J.: 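I'd like to ask some things about the structure below.
Below, each value reflects all heavy atoms present in this structure, side chains not excepted, and no hydrogens, waters or symmetry copies. Just so it is clear, the structure is predicted and the values come from calculations on it, not from any experiment. Atoms within a ligand are numbered from 1 in the order they appear, just like the ligands themselves.
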Amino acid sequence: MPRARQEKQAVDLPRAGIIGAGTLGTVLASVLVRCGYPLAAVAGRSRASTERLARAVQPHPQVCATPQQAADLASLIFITTPDDAIESVAASVRWSSRHAVVHCSGALDASVLDAVRRAGGQAGGFHPMQTFAAGQPGLDAPLAGVTIGIEAEGQLRDTLAQLAQAMGCPWVALRPQDKALYHLSATLVSNYVVTLADAATSLWERLGLSREQARAALLPLLEGTVRGIAAAGTPAALTGPIARGDAGTIQRHLAALRRHAPELLPVYRALGERTVPLALANRSLDSDAAAAIQRLLQATPADAPQHVEAIA
Ligand SMILES: NC(=O)c1ccc[n+]([C@@H]2O[C@H](COP(=O)([O-])OP(=O)(O)OC[C@H]3O[C@@H](n4cnc5c(N)ncnc54)[C@H](OP(=O)(O)O)[C@@H]3O)[C@@H](O)[C@H]2O)c1
């Protein structure tokens, strides 16, 4: 950005501060600076992480020894500590009416920042619907295109919407009572996909193959699935035995799980039962085949045929 435009923007934009110099704090610091926001201050728990964040952006923000010092130097404060620390960090600072304070938790509502509101300041939430693994901050435009969940009212909502727009991010307005539901959608599509990938990988070990081989085989499949969802959405992206009505294959899966990985039976059954309506919606399965598959998925071990060949 040309220097003159940068300076004009910096005059108009609030001085930002970050409390919590971890993974998201570092990403946010980088994006704020890239968007022309003056990043005045950063405060963390350990000196090492606070200095690491300050060094990662240009111009370097002031390294503060306490959250209070960061609050004294900035008017728009992002609290990027772990969720459980947000309320106590907010309660430890003397705020005033010039402060707008935002946390980045998807699950918590802004009431954890009531200390700010009691002092006359504004409080809100600014949650990027993206996963950032520790140690891989990915500072190169890591937020562009990521939807931001904003919980805020009035002037703060305008400020945060303007920031989202500057970051190249669509945003949605969230009500406090909807935060948990909103956040668990992220857990389903991100965290639990990791859990499923781990479960799938563990089956390869039972075949005598390595986790590296499993990853090499399963990753292109996972990527193809994501591409299918991106191209066609759900339920259209659904393929596999339930979509095709292959009851015999499902029976084979259940028998293999009973024998080799019984701990995965509940999750296989639950996901299968949730998949049948998708195949019905795609019209790739008729109602008789759907009912037969549901019966298979719900059968207890005592109901199940002892030999796969019996139903294949
Ligand atoms: N990572 C993600 O994918 C992601 C995505 C969306 C939203 N979020 C949200 O972003 C927030 C931060 O998550 P994160 O993944 O960035 O966590 P993180 O990597 O663990 O970083 C948290 C940072 O907060 C610091 N901290 C802990 N207690 C503190 C305190 N009392 N005062 C000041 N600093 C303190 C830690 O200091 P030390 O360095 O000394 O340990 C650490 O640097 C959470 O609310 C989370 O829900 C995260």
J.: Got the closest protein heavy atom to atom 3 (O) of ligand 1, with its distance?
T.: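 Result for atom 3 (O) of ligand 1: F132 N, 2.7 Å.
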
J.: Would you kindly confirm whether I19 and L108 end up in one hydrophobic cluster when ILVMFWY residues are joined by side chain heavy atoms under 4.5 Å apart?
T.: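 Same hydrophobic cluster.
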
J.: Below 3.5 angstrom, do we get any N/O pair linking P128 and ligand 1?
T.: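 Checking ligand 1 against P128, no N or O pair falls under 3.5 Å apart.
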
J.: Salt bridge or not for E273 and R295, using N-O below 4.0 Å?
T.: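 Salt bridge absent between E273 and R295.
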
J.: If you count the atoms of ligand 1 from 1 in the order shown, which ones are under 4.0 Å from a heavy atom of G44?
T.: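 Numbered from 1, ligand 1 contributes 33 (C), 34 (N).
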
J.: Can we say E205 and R211 salt-bridge, meaning some charged N sits less than 4.0 Å from an Asp/Glu carboxylate O?
T.: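 Counted as a salt bridge, because a side-chain N and a carboxylate O are separated by less than 4.0 Å.
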
J.: With atom 47 (O) of ligand 1 as the reference point, say which of T80, D83, I79 has the nearest heavy atom.
T.: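 That would be D83.
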
J.: Give the residue, atom name and distance (to 0.1 Å) of the protein heavy atom nearest atom 21 (O) of ligand 1.
T.: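 The closest one turns out to be G22 CA, 3.2 Å.
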
J.: Looking only at protein heavy atoms, which one is nearest to atom 41 (O) of ligand 1, and what is the separation?
T.: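 Ranked first by proximity to atom 41 (O) of ligand 1 is R45 NH2, 2.6 Å.
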
J.: Starting from atom 25 (C) of ligand 1, which protein heavy atom do you reach first, and at what distance in Å?
T.: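 Nearest protein contact, heavy atoms only, for atom 25 (C) of ligand 1 is G20 CA, 4.1 Å.
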
J.: For atom 7 (C) of ligand 1, which protein heavy atom lies nearest, and how many Å away is it?
T.: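 Of the protein heavy atoms, C104 O, 3.2 Å lies nearest.
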
J.: Distance under 4.0 Å to a non-hydrogen atom of V89: what atoms of ligand 1 satisfy this?
T.: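 Listed by number with element, the hits are 30 (C), 31 (N), 32 (N).
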
J.: Is there a side-chain hydrogen bond (donor to acceptor under 3.5 Å, both in side chains) between R45 and S49? Walk through the geometry before answering.
T.: CA-CA 8 Å; R45 184 172 52 181; S49 56; over 6 Å; no

J.: What residue and heavy atom of the protein are closest to atom 27 (C) of ligand 1, and at what distance?
T.: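 Of the protein heavy atoms, P82 CD, 3.4 Å lies nearest.
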
J.: Can you report which non-hydrogen protein atom sits closest to atom 15 (O) of ligand 1, along with the distance?
T.: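 For this ligand atom, the closest protein heavy atom is T23 CB, 4.0 Å.
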
J.: Check this for me, if you would: do D246 and R252 make a salt bridge, where the nitrogen-to-carboxylate-oxygen distance has to be below 4.0 angstrom?
T.: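 So D246 does not pair with R252 through a salt bridge.
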
J.: Who's the nearest protein heavy-atom neighbour of atom 11 (C) of ligand 1, and how far?
T.: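 Of the protein heavy atoms, T81 O, 3.4 Å lies nearest.
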
J.: Apart from L278 itself, what residues make up its hydrophobic cluster, given side-chain heavy atom links below 4.5 Å?
T.: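 Its cluster mates, by chain and number, are L238.
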
J.: Pairs of nitrogen or oxygen atoms closer than 3.5 Å, one from S49 and one from ligand 1: do any exist?
T.: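 N/O-N/O distance below 3.5 Å exists for this pair.
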
J.: Hey, does M129 sit under 4.0 Å from ligand 1 if you only count heavy atoms?
T.: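 Flag not set, M129 not near ligand 1.
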
J.: Compute the centroid of each ring, for Y182 and then for H127, and state whether the two points are separated by less than 6.0 Å.
T.: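 Between H127 and Y182, which both carry aromatic rings, the centre distance is below 6.0 Å.
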
J.: Scan the protein's non-hydrogen atoms and note whether one is under 4.0 Å from atom 17 (O) of ligand 1.
T.: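 Neighbour list for atom 17 (O) of ligand 1 is empty of protein heavy atoms (cut-off 4.0 Å).
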
J.: Examine the side chains of Q162 and D158 and answer whether a donor and an acceptor come within less than 3.5 Å of each other.
T.: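 Their side chains do not contain a donor-acceptor pair, so the 3.5 Å distance test is not met.
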
J.: Before signing off on this row, confirm whether L24 and ligand 1 have an N or O atom pair separated by under 3.5 Å.
T.: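 Yes.
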
J.: What about A21: any of its N or O atoms under 3.5 Å from an N or O on ligand 1?
T.: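 The answer is yes, given that A21 and ligand 1 share an N or O pair closer than 3.5 Å.
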
J.: Using a strict cut-off of 4.0 Å, indicate which atoms of ligand 1 neighbour a heavy atom of H127.
T.: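 Ligand 1 atoms under the 4.0 Å threshold to H127: 6 (C), 7 (C).
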
J.: Taking side chain to side chain donor-acceptor pair (under 3.5 Å) as the test, write out the residues that go with H99, two or more places apart.
T.: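 Not a single residue meets the side chain to side chain donor-acceptor pair (under 3.5 Å) criterion with H99.
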
J.: If Ile, Leu, Val, Met, Phe, Trp and Tyr residues are connected whenever their side-chain heavy atoms lie under 4.5 Å apart, and connections chain through other members, are L76 and L32 in the same group?
T.: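 In one cluster with L76: L32, yes.
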
J.: Identify, by atom number and element, the atoms of ligand 1 in contact range of S105, meaning under 4.0 Å from any of its heavy atoms.
T.: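 Near S105, meaning under 4.0 Å from one of its heavy atoms, ligand 1 has 45 (O), 47 (O).
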
J.: Using a strict 4.0 Å cut-off to heavy atoms of Q130, name the atoms of ligand 1 that fall inside it.
T.: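 Near Q130, the atoms of ligand 1 are 3 (O), 5 (C), 6 (C).
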
J.: If you draw a 6.0 Å radius around CZ in R244, do more than 12 non-hydrogen atoms from other residues or ligands fall strictly inside?
T.: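 Check passes, neighbour count above 12.
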
J.: Assess whether atom CD of E263 is packed by more than 12 heavy atoms of other residues, nucleotides or ligands within 6.0 Å.
T.: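 Check passes, neighbour count above 12.
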
